[in-house]
2 protein chains.
Amino acid sequence: MRKETSTNALNEKMMIDSCGMSSSLAVIGGRWKPAILCRLSYGTMRYGELKKDIIGISERMLVAQLRELEKDQIITRVVFPEVPPRVEYRLTDLGRTMKPMLDAMSDWGNMYRKHINQTQDLSATVLQDK
Amino acid sequence: MRKETSTNALNEKMMIDSCGMSSSLAVIGGRWKPAILCRLSYGTMRYGELKKDIIGISERMLVAQLRELEKDQIITRVVFPEVPPRVEYRLTDLGRTMKPMLDAMSDWGNMYRKHINQTQDLSATVLQDK
DNA sequence: CCGTATCCGATGAGATACTG
DNA sequence: CAGTATCTCATCGGATACGG
């Protein structure tokens, strides 16, 4: 970034050069984490609510992604010793610091989709800016 | 955004709920695209420069990622009809609109890594904010 | 209600050798 | 110089059945 001295042959260097983006992607990447984070950013949710709300996710994947986010200290899992059992998930303080990043990604993604749809509609099969 | 559409027609709803994040991740996600985008955000680069600079990437993956970014209209590939051949890659106007998002991701990722390293150093085996 | 366990196909990604 | 072509293995993600 500042200078590209490629004398260091470590992948660690590559990650530093990638400006922390790789670290962010390691936490929020994957198919389902955006959906989970987007929902929890609005507040606490129960397991069943997440499962019902995120259309198409399997229980296996939901649990796996929640466990990863918990391990990464982005969310917390609160178990209520009741019958029937109840488990709530919420963002940690660290998780809430993601908001500017999530907003930026959401904004650009929406803009990008509109742009792609427009160019597709206008030029149909022809890509004239290539 | 690209490849999920075939299996489940309801995924469209999920992606809208995910606030465009999925669209962004479809474009910038993956192991090598952060490294490529980060470098091209500083200006034009030749194929060989990218290959030399991004430690550990195989030619196969470099070409594949560049082709995807080109298809997504994020970068352009400029071929100079010279001997020896020369090919330059640069961001498109659309690609340059990613900067706020890339910066936000970079900033959060760097902050996150510092945070994780600190809590590891300080609390060792104990996680007290759980 | 809130998960695990198991199986399996699709995709991502690395190594190596070759080419216009 | 700037790529292709194959082969291979690891990981991601889906379906289904079962467990506390």
Side-chain angles (χ1 to χ4, degrees), chain A residues 9-11 14-15 18 22 25-36 39-40 44-72 75-90, chain B residues 1-11 14-15 18 22 25-36 39-40 44-72 75-90:
Chain A
L10 287 166
N11 277 340
M14 186 205 76
M15 306 245 298
S18 297
S22 298
L25 284 170
V27 176
I28 65 171
R31 175 162 178 192
W32 299 109
K33 284 183 186 169
I36 295 171
R39 280 162 183 77
L40 291 185
T44 298
M45 286 186 77
R46 295 183 60 173
Y47 173 82
E49 292 179 308
L50 287 168
K51 179 180 157 189
K52 175 170 64 77
D53 210 39
I54 303 176
I55 309 291
I57 194 170
S58 66
E59 296 188 327
R60 168 177 143 71
M61 290 311 297
L62 179 53
V63 173
Q65 303 307 299
L66 289 171
R67 293 291 180 276
E68 270 189 56
L69 289 170
E70 192 188 359
K71 180 171 61 63
D72 291 338
I75 67 175
T76 48
R77 178 175 180 268
V78 184
V79 182
F80 294 84
E82 304 173 355
V83 178
R86 173 161 137 245
V87 179
E88 288 186 354
Y89 294 93
R90 67 188 60 175
Chain B
M1 175 174 191
R2 289 190 300 271
K3 33 190 185 291
E4 293 90 346
T5 49
S6 57
T7 52
N8 194 340
L10 293 170
N11 278 338
M14 185 207 77
M15 298 204 295
S18 298
S22 298
L25 285 170
V27 175
I28 65 171
R31 174 161 179 193
W32 299 110
K33 282 182 185 168
I36 295 172
R39 282 162 181 79
L40 291 185
T44 297
M45 287 187 77
R46 295 182 60 171
Y47 173 83
E49 291 179 307
L50 287 168
K51 179 179 157 190
K52 175 169 64 76
D53 210 41
I54 302 176
I55 308 293
I57 195 172
S58 67
E59 297 185 328
R60 169 177 146 71
M61 289 311 298
L62 178 55
V63 172
Q65 303 307 300
L66 288 171
R67 292 291 180 278
E68 270 189 55
L69 288 170
E70 192 188 359
K71 180 169 63 63
D72 291 338
I75 67 174
T76 47
R77 179 175 180 269
V78 185
V79 183
F80 294 83
E82 307 173 352
V83 178
R86 173 160 139 248
V87 177
E88 288 186 354
Y89 294 92
R90 67 188 60 176

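Residue numbers begin at 1 in each chain, while the letters A, B, ... track the order of the sequences. None of the values given here were measured: they were computed from a predicted structure.
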Does the pair A:Arg39 and A:Glu49 meet the rule for a salt bridge (Lys or Arg N to Asp or Glu O under 4.0 Å), with working shown? CA-CA 10 Å; A:Arg39 280 162 183 77; A:Glu49 292 179 308; over 6 Å; no
So, is B:Tyr89 close to the D:dG3 phosphate, meaning a side-chain N or O under 4.0 Å from OP1 or OP2? yes
Check whether any side-chain heavy atom of A:Leu69 lies under 4.5 Å from a side-chain heavy atom of A:Leu40, and answer yes or no. no
When rounded to whole Å, the CG to C1' distance for the pair B:Leu25 and C:dG12 reads 16 Å
Whole angstroms only, please: what is the CD-P distance between A:Glu70 and C:dC2? 15 Å
Calculate the interatomic distance between B:Lys51 atom NZ and C:dT16 atom C1'; express it in whole Å. 13 Å
For A:Glu59, salt bridge (charged side-chain N to carboxylate O under 4.0 Å, His left out) partners two or more places apart: A:Lys51
Could you tell me the separation between the CZ atom of B:Arg31 and the CD1 atom of B:Ile54, rounded to the nearest 0.5 Å? 11.5 Å
What integer distance in Å separates A:Leu62:CG from C:dC2:P? 11 Å
What is the distance, to the nearest angstrom, from the CD atom on A:Glu82 to the C1' atom on D:dG20? 16 Å
How long is the line joining CE of B:Met45 and C1' of D:dA2, in whole Å? 15 Å
Is any side-chain N or O of B:Arg46 closer than 4.0 Å to OP1 or OP2 of D:dA2? yes
Distance check needed: D:dC1 P versus B:Leu50 CG, whole Å only. 14 Å
Give me, pair by pair, the N or O atoms of the protein and of nucleotides 4-10 of chain D that are less than 3.5 Å apart, along with how far apart they are.
unit_1, atom_1, unit_2, atom_2, d
D:dT4, OP1, B:Arg67, NH2, 3.3
D:dT4, O4, B:Glu59, OE1, 3.2

Tell me the interatomic distance from A:Ile57, atom CD1, to D:dG14, atom C1', rounded to whole angstroms. 11 Å
Is there a side-chain contact between A:Val79 and A:Arg77, using heavy atoms and a 4.5 Å cut-off? yes
